[in-house]
Amino acid sequence: MIKSPILQSSRHDLTHHNPAEALNSFKAKDQDFLFLLKRCNDIDEFKQIHARFIKLSFFCSSSSFSASTLLAKCAHSGWDNSMNYAASIFRGFDDPCTFDFNTMIRGYVNETCFEEALFVYSEMMERGIEPDHFTYPCLLKACTRLKSIKEGKQIHGQVFKLGLEDDVFVQNSLINMYGRCGEMALSSAVFEKLEFKTAASWSSMVSARAAMGLWSECLMLFRGMCSAKDVKAEESGMVCALSACANTGALNLGRSIHAFLLRNISKLNIAVQTSLVDMYVNCGCLDKALHIFKKMDSRNNLTYSAMISGLALHGEGEAALRMFSEMTNEGLESDHVVYVSVLNACSHSGLVKEGHRVFEDMLKEGKVEPTAEHYGCLVDLLGRAGLLEEALETIHSMPIKQNDVVWRSFLSSCRVHQNVELGQIAARELLKLASHNPGDYLLISNMYSQARMWDDVARTRTEIANKGLKQIPGFSIVEVKGKTHKFVSQDRSHPQCKEIYKMLNQMEWQLKFEGYSPDLTQILLNVDEEEKRERLKGHSQKVAIAFALLYTPPGSVIKIARNLRMCSDCHTYTKKISIIYGREIIVRDRNRFHLFKGGICSCKDYW
DNA sequence: TTAGGGTTAG
């Protein structure tokens, strides 16, 4: 073995041929040994030090402090194969102490070998080595990552028995473990019991809820964190809160977080900036998002991905493709999420040729393994454009298992393009895979209804009733004078209900002059035409628009958010309203933004 | 004398 410079630079020469001399000077050598360990940078140097250590230890019975330090250095080094080497050292110990077990647990957790960490802990238990407050944070992290709630609960019991429950590090780990394993009540219970809530306690609560998609809880906690004494809201909490704003469309809160960040943090990191881009894009402010994006010093593939899917969301497919080339030119590699964003952008803008090329390039490059999601995008792209045969061929040629998403997307296209024959194939396959999704039955029933196949409509409806499936009620939210108002279909609960319905009648009267006639096929109920007209008139989006026209200043932009995809009648209706009343109307539905202006929509009727 | 929790974004 070549002697490395680090060994030559030791303060003393470690070589002793006389065992007695070695024994006498061991204390000094011990210091040398620790000094060398500290400066050791790679596994080869480490192995040399380890060899010396064995040689010295042969003469001196043991030096457990040094041995433990040696083990820790290796286990936490991050070198290739370091945990295997650490395990071999650990196995050589006659009676490893608590520190050594903690070292192994932490080492395995850092290397994402969570099961091994749990094995080490059970060995610790078997050998009767008592864990301490350093043992549990890492161990609980292993349970969190493995989503092993059963083991997590047992470990919590042991923490309690050992009287370690008061340790704030252990408590924060418990909050996180319970939260990320979906046990929100237990997570909150630990949090509530905390005498001193640290920034990490709050962060654990906020980020665990964000990870579970509990956005409103996440925002509520975030507000609590900001108003808590002695806790400074940190960037990580901000990022989670911005993500919650993006997911709920909470623009005002998002803006105030942005303002707070600008006031308190001199240089925003890339994660925070990406979250800002994503928040603005999802709250309908594409220009603001682009402004932040352009001013960033550096961007990574997550930043680009946020911007690309943002452009897709706003129907800017060509701009999204330009952004994608820019990203490639910057030397950044696309991952599977970026490809989904780009394919979606093409799909939402009818860029069939371009989307197909992106998909082919992805296959050719071979760096990203296509998933069912990618095939879903391709099927959507072809299907929306009316290329139903090609879409079906794509599904049949998928090298991976067909899932409900691909068939649902295909079914939706068949409905739009009124191809019942292919639609029936899609319906059959879809119901085989996910028979309990009420939305699927609705889509099928809608398709039959448009084709006036009433027997099939009735059969589908009976199936819905027999299975006890409940349709998700649609709603629209509109902000007027800083207050949000939520309307459901046929809503008559609003205090201004009388004025709203009077307005709706007036609107319909004017719409008739613009050549609007209601699309009654959108109503699935078995009722007469007049009733269908009434039902259609009371769709939540129309009620929300009527309310906004009454109570917002003339010429101002109307912003609406809804939980479901817009029906085609509401789409036509809103286009005409934008001309008649000279208003810009922005509607965010489940899939994207629609900007209605001067009688046309930014989606170019392609959604 | 050795060590620990929450890392956040698409």
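What you see is a predicted model; the values in this text were computed from it and never measured. We name chains A, B, ... by the order of the sequence lines, and we start the count at 1 in each one.
- If you take CG of A/Asn247 and C1' of B/dA9, they are 12 Å apart, rounded to a whole angstrom.
- Atom CG of A/Asn344 is separated from atom P of B/dG10 by 15 Å (rounded to the nearest Å).
- Taking only side-chain atoms of A/Thr69, from C-beta outward, the nucleotide of B/dT2, B/dG4, B/dG10 with the closest atom is B/dT2.
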Let me have the donor-acceptor pairs involving side chains of residues 254-261 of chain A, under 3.5 Å, with sequence neighbours excluded, atom names and distances please.
from: A/Ser256; atom 1: OG; to: A/Asn252; atom 2: O; distance (Å): 3.2
from: A/Ser256; atom 1: OG; to: A/Leu253; atom 2: O; distance (Å): 2.9
from: A/His258; atom 1: ND1; to: A/Tyr280; atom 2: OH; distance (Å): 2.8

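- Whole-Å rounding puts the A/Met177 CE to B/dG4 P distance at 21 Å.
- Per the geometry, CG belonging to A/Asn176 stands 17 Å off P belonging to B/dG4, to the nearest Å.
- Each of B/dA3, B/dA9, B/dG4 was ranked by its minimum atom distance to the side chain of A/Ser275; first place goes to B/dA9.
- For the OP1/OP2 pair of B/dG4 and a distance below 4.0 Å, the side-chain nitrogens and oxygens of A/Arg106 include at least one atom meeting the criterion.
- Separating the CG atom of A/Asn282 from the C1' atom of B/dG10 is a distance of 10 Å, rounded to the nearest angstrom.
- In terms of phosphate contacts, A/Ser243 brings a side-chain nitrogen or oxygen within less than 4.0 Å of OP1 or OP2 of B/dG10.
- The aromatic ring of A/Phe99 is stacked on the base of B/dT2, with the two ring centres less than 5.5 Å apart and the planes inclined by under 30°.
- Within a heavy-atom distance below 4.0 Å of DNA chain B, the residues of residues 108-133 of chain A found are A/Asp132, A/His133.
- Residue ring and base: A/Phe134 does not count as stacked with B/dG4 (centre distance below 5.5 Å and interplanar angle below 30° not both satisfied).
- Atom CD1 of A/Ile292 is separated from atom C1' of B/dG10 by 15 Å (rounded to the nearest Å).
- Rounding to whole angstrom units, OH of residue A/Tyr339 and C1' of B/dG10 are separated by 16 Å.
- Straight-line distance from the OH atom of A/Tyr136 to the P atom of B/dA3: 21 Å, rounded to whole Å.
- Contact annotation for A/Asp278: backbone-only contact, meaning every heavy-atom pair under 4.0 Å involves sugar-phosphate atoms and none involves a base.
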